[in-house]
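First the structure, in the form of structure tokens, and then the observations on it.
Chain A is the first sequence line, chain B the second, and so forth, proteins listed ahead of strands; every chain is numbered from 1.
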Amino acid sequence: MIQPGNYVRDLLKRAPGDTVCARGWVKTRRDGKSVHFIQLNDGSSPTDLQVVVEAGLVPPEVIARITTGACLSVEGELVASPGKGQAVELKARTLTVHGAADPEEYPLQKKKHNLETLRPLGHLRARTNTFGAVFRVRNALARAIHHFFQERGFIYVHAPVISASDAEGAGSMFTVTTCGTGIPACDVSQDFFGRRTYLTVSGQLEAEIFALAFANVYTFGPTFRAENSNTPRHLAEFYMIEPEMAFCDLKDNQDLAEAFLKSQVEQVLRDCRPDLEFLAKWYEPDLFRNLETLVAAPFERITYTEAVALLQKAGRNWEFPVDWGSDLQSEHERHLTEELFRKPVIVVDYPQQIKAFYMRSNDDGKTVAAMDVLVPRIGEIIGGSQREERHDVLRDKIRAHADRGMKEESYWWYLELRRFGGVEHAGFGMGFERMMMYLTGMKNIRDVIPFPRTPGNAEF
RNA sequence: UGUAGGGUAGCUGAACUGGUCCAGCGCUCGCCUGUUAAGCGAGAGGAUGUGGGUUCGAGUCCCACCCCUACAGCCA
């Protein structure tokens with residue numbers, strides 16, 4: 001295996017004179033009269049290592065196998081490069097081709113491919129410059145998220161992936177069953193869990209349990225939605241981060257969400273600058289300006305009621321009318337964050353009837369302590385709320401949803417949390433891949449997750 | 001799921017109102033060359049997404065289906 005300090009990323013920074021062994025996959029080969037040049041990459045860096053093989057070092061039939069996509073080990077001396085474009089290069093002493101890649105058949109060429117072409121090549125696209133940068137950023141973002149919470153004493157909770165509860169309002173669910181194929185109707189009582197079970201649509205309810213024991217907690221795991229959504233920002237399987245805090249109201253919740261987003265951007269700007277530069281160059285010229293704006297400017301904070309008033313006097317012909325009581329549409333959210341304020345906007349206090357049952361009712365009797373964080377280009381990146389901690393109020397809300405299939409007895413434990421040591425608490429959910437889109441400038445969510453699951457697509 | 005576009009060589013695109021499908025890149029071969037999106041020359045490579053229909057003749061027109069993309073809804 002490649003040992004620490006020997007990744008291509010490290011070799012590029014080493015001083016000439018060192019004897020090293022580089023391993024990786026060939027991007028391109030160029031032949032000169034007396035030398036061959038090989039661009040080698042092991043996924044650690046957006047920059048390739050240039051390997052120089054003097055003519056005659058290895059037989060022509062070996063050179064012929066060094067084509068785009070082939071896997072190599074090269075041992076030799078790092079030397080100062082006489083050419084432009086790199087400080088050092090690897091002068092090969094011994095070279096091994098582990099796996100060739102027939103150039104007549106290998107799908108990746110040394111030219112640019114567009115993202116749609118690469119999508120069906122899920123087993124190979126990780127080797128490209130673009131996906132190398134994207135997935136290094138993804139790794140750095142995950143690390144940044146854990147760092148943010150760990151630094152603040154939050155406990156990482158593993159919420160269950162298989163769930164029996166239906167977090168109302170979070171969309172339709174995938175059923176989990178061991179029912180054999182060919183059985184027309186499955187008897188639920190005979191099924192594996194003896195009850196209906198689903199893939200989780202949210203870890204929030206379980207996170208609340210832990211928040212009322214550890215005060216500050218967060219989840220970070222896969223989430224599933226069986227919606228037939230076909231857009232550049234929806235997946236059937238995606239990752240979500242859900243912090244949940246006891247002794248926390250909506251104001252604290254907003255403060256944390258803002259600090260959270262800013263911290264992520266700061267850390268990735270610090271850790272992945274070369275990758276972001278690559279992505280900015282090829283995909284989003286405004287990338288750095290957008291990221292630096294998010295870090296620098298205080299987020300705008302307005303109420304839903306204020307947002308409605310602003311939109312109504314915007315002098316626009318909205319496709320969907322703006323009136324108090326209906327949810328904000330994409331066009332409205334975009335106007336607020338991209339045109340009116342030109343920075344992230346937190347909208348709070350939405351009408352009760354358009355939000356989930358667990359959100360805390362405000363004193364006005366009409367709104368709940370909900371918040372959505374909107375960012376330019378992406379739209380809603382965070383949704384959260386202060387939770388209803390008053391037992392009787394919560395019970396009445398659940399009963400009021402009985403016509404929509406909510407059963408009070410299914411929420412027995414959720415209600416008990418309000419009977420035993422309850423306290424005001426709040427939290428939110430952030431779509432990991434939405435944040436990835438914002439950070440990388442990628443326009444389609446399918447290009448920021450290794451193996452996207454969307455309606456009709458579960459390959460790889 | 002709705003609306004609008006679109007599926008032509010390995011890739012990106014072209015082909016006027018129906019008339020033998022082109023080019024660049026990639027690939028193969030040769031030449032040149034401390035190259036770096038290398039350069040020059042030659043060559044190979046196509047049942048135009050699938051199935052029907054109209055027509056003397058369909059990449060082009062009609063119908064159905066599949067897939068892709070954008071926008072919208074659902075949301076993160």
Side-chain angles (χ1 to χ4, degrees), chain A residues 27-40 47-55 64 67-69 79-86 89 91 101-121 129 167 169-172 201-204 222-242 257 282 318-320 326-334 354-356 372-375 378-384 428-438 443-449 454-457 459:
Chain A
K27 281 274 165 57
T28 68
R29 188 192 86 218
R30 296 177 296 277
D31 299 318
K33 187 171 194 174
S34 54
V35 288
H36 307 278
F37 299 98
I38 302 163
Q39 299 297 127
L40 196 68
T47 310
D48 305 317
L49 175 68
Q50 175 162 283
V51 174
V52 182
V53 181
E54 293 194 345
T67 55
T68 302
V79 298
S81 177
K84 287 176 183 155
Q86 60 280 319
E89 60 192 22
K91 188 178 176 190
D102 183 350
E104 299 269 18
E105 292 187 69
Y106 187 63
L108 301 181
Q109 305 172 172
K110 56 188 186 185
K111 55 176 291 196
K112 275 182 72 181
H113 293 80
N114 68 35
L115 298 169
E116 285 173 47
T117 304
L118 256 16
R119 232 169 270 152
L121 301 175
N129 290 331
S172 40
V201 292
S202 165
Q204 180 203 315
T223 308
F224 306 86
R225 303 280 164 86
E227 299 287 348
N228 190 7
S229 298
N230 205 306
T231 81
R233 53 182 193 286
H234 287 88
L235 291 164
E237 175 185 291
F238 62 99
Y239 278 71
M240 187 154 68
I241 295 92
E242 296 178 285
W282 293 104
W318 302 110
E319 189 185 341
F320 295 89
S326 47
D327 210 352
L328 300 180
Q329 304 295 311
S330 275
E331 57 173 342
H332 307 142
E333 296 181 345
R334 293 181 75 103
I354 59 173
K355 288 294 184 180
D372 283 357
V373 181
L374 314 175
V375 297
I378 310 296
E380 185 180 342
I381 198 164
I382 279 176
F428 59 82
M430 185 193 80
F432 186 59
E433 286 77 16
R434 295 254 173 106
M435 190 59 190
M436 277 293 296
M437 293 172 74
Y438 191 79
K443 308 287 187 289
N444 193 310
I445 201 166
R446 298 165 195 208
D447 298 325
V448 298
I449 189 167
T454 52
N457 184 1
E459 189 69 57

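- Between the side chains of A:S202 and A:E242, at least one donor N or O lies within less than 3.5 Å of an accepting N or O.
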Table of protein N/O atoms under 3.5 Å from nucleotides 32-34 of chain B N/O atoms:
residue, atom, partner, partner atom, Å
B:U33, OP2, A:K33, NZ, 3.4
B:U33, N3, A:D31, O, 3.0
B:G34, N1, A:E89, OE2, 2.6
B:G34, N2, A:Q50, NE2, 3.3
B:G34, N2, A:E89, OE1, 2.4
B:G34, N2, A:E89, OE2, 3.0

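- As judged by a 4.0 angstrom heavy-atom cut-off over every strand, A:R29 is placed among residues making no nucleic acid contact.
- Between the side chains of A:Q329 and A:R334, not a single donor N or O lies within less than 3.5 Å of an accepting N or O.
- Across all strands shown, A:I378 has no heavy atoms under 4.0 Å from either base or sugar-phosphate atoms.
- Across the strands present, B:A23 finds its partner in B:U12; the criterion is a Watson-Crick or G-U wobble pair with both atom distances under 3.5 angstrom.
- Using a 4.0 Å heavy-atom distance criterion, A:F320 is classed as a sugar-phosphate-only contact.
- Counting to the nearest Å, the C1' atom of B:U69 and the CG atom of A:D447 are 12 Å from each other.
- Evaluation of atom-type donor-acceptor distances gives no pair under 3.5 Å for the side chain of A:R446 against the base of B:C68.
- Within the 4.0 angstrom heavy-atom criterion, no nucleotide atom of any strand lies near A:P455.
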Show the distances under 3.5 angstrom between N or O atoms of the protein and N or O atoms of nucleotides 25-29 of chain B.
residue, atom, partner, partner atom, Å
B:C25, O2, A:K111, NZ, 3.4
B:C27, O2', A:E104, OE1, 2.7
B:C27, O2', A:E104, OE2, 3.0

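- Across the strands present, B:U54 finds no partner; the criterion is a Watson-Crick or G-U wobble pair with both atom distances under 3.5 angstrom.
- With a cut-off of 3.5 Å on both Watson-Crick or G-U wobble distances, the partner of B:U35 is given as none.
- Applying the side-chain hydrogen bond (donor to acceptor under 3.5 Å, both in side chains) rule to A:N230 yields the partners A:R446; only residues at least two apart in sequence or on another chain are considered.
- Side-chain atoms of A:N114 lie closest to B:U12 of the nucleotides B:A38, B:U69, B:U12.
- The partner of B:U69 is B:A4, judged by Watson-Crick or G-U wobble contacts that both fall below 3.5 Å.
- Nucleotide B:A42 has B:U28 as its partner under the Watson-Crick or G-U criteria, with both atom distances under 3.5 Å.
- The shortest side-chain heavy-atom distance between A:L40 and A:V51 falls under the 4.5 Å cut-off.
- Not a single side-chain hydrogen bond (donor to acceptor under 3.5 Å, both in side chains) links A:E333 to another residue, sequence neighbours left out.
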Quiz item: For nucleotides 1-6 of chain B, read 5' to 3', which letter fits each nucleotide if B means a protein heavy atom sits under 4.0 Å from the base, S means only the sugar-phosphate is that close, and - means neither?
Solution: B-----

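- Not counting sequence neighbours, the partners of A:E433 by the side-chain hydrogen bond (donor to acceptor under 3.5 Å, both in side chains) test are A:R138.
- Side-chain atoms of A:T28 and A:Q39 form no donor-acceptor pair, as typed in the model, at a separation below 3.5 Å.
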